[in-house]
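Worksheet: the structure to be examined is printed underneath.
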Amino acid sequence: MIWLVRHPQVALHWQNRCYGVSDMGLSREGARFAKQLVSDLVGLSPDVIVHSDMRRTRHIAEQVASSLSIKASADSRWRERDFGSWEGRSWDAIYRETGNAMDGMLDNPDGFRPGGGETTTELVARVLSAWRELPTEKTVAVITHGGPIAAILANQNNAPLRSLPDYIPALNSVSRL
């Protein structure tokens, strides 16, 4: 069994901003949700804990691992999409500058690089590579981000890349596969 866990709310300064691979912590509210998330995950008793190596996932993974007396492993393939020069900018500013160019993430998944970053196809290939290496005979918790979880869920449902936004889970969510 595999549990895909999306991190809680990020620091207030980063909300409504593009923050794919930017490494920030959680907001106060996010930290409160993280405590409940840690408790919930400890109750699921995973044998293996993997996280994206970003602060917003590492803290949760390490607390769960400590509670269960196991080790959490970092794997950068579980990071969010790299948005290149869009990182840290507000979504409104990006839209004002580029118009609907960001639709290219879905309309041109093989070629459009938001801010010069990662294409949708590259994101999905990276995440599927990490997914295929997870142990299948153990219970695994992966603490990660919306994009990687959407990539896995869409793939599991044989959905087209264009439908990835439909598979982005809510913050603090736990998806069972």
Among Arg58, Arg79, His7, find the one that has a side-chain contact (heavy atoms from CB on, under 4.5 Å) with Ser52. Arg79
So, applying side-chain contact (heavy atoms from CB on, under 4.5 Å) with Arg56, which one of Thr144, Ile143, Val10 is it? Val10
Please walk me through it: do Ser90 and Asn16 pass side-chain hydrogen bond (donor to acceptor under 3.5 Å, both in side chains)? CA-CA 6 Å; Ser90 75; Asn16 299 314; over 6 Å; no
Hey, does the side chain of [X] reach the backbone of [Y] with a donor-acceptor pair shorter than 3.5 angstrom?
X	Y	answer
Thr139	Asp47	no
Arg81	Gly20	no
Ser129	Ala125	no
Arg17	His13	yes
Asn100	Asp103	no
Gln9	Ser27	no
Asn157	Leu153	yes

Step-by-step side chain to side chain contact (heavy atoms under 4.5 Å, CB included) determination, Asp23 to Asp53: CA-CA 9 Å; Asp23 196 15; Asp53 82 345; over 6 Å; no
Quick one: do Leu164 and Val124 satisfy side chain to side chain contact (heavy atoms under 4.5 Å, CB included)? Show the steps, please. CA-CA 10 Å; Leu164 262 113; Val124 171; 4.3 Å; yes
Pair listing, side-chain hydrogen bond (donor to acceptor under 3.5 Å, both in side chains) test, anchored in residues 161-177, at least two apart: Asp107-Arg162
Can you establish whether the number of heavy atoms outside Phe33 located under 6.0 Å from its atom CZ is more than 12?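 Atom CZ in Phe33 is not packed in, count stays at 12 or less.
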Nearest heavy atoms of Ile94 and Met102, plus distance in Å: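 Here Ile94 and Met102 meet closest at CG2-CE, 3.7 Å.
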Any idea which heavy atoms bring Ala61 and His51 closest together, and the distance?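 In this case the closest contact between Ala61 and His51 is CB-CD2, 3.5 Å.
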Where at least one partner belongs to residues 60-94, residue pairs that pass ring pair (Phe, Tyr, Trp, His ring centres under 6.0 Å), sequence neighbours excluded: Phe83-Trp91
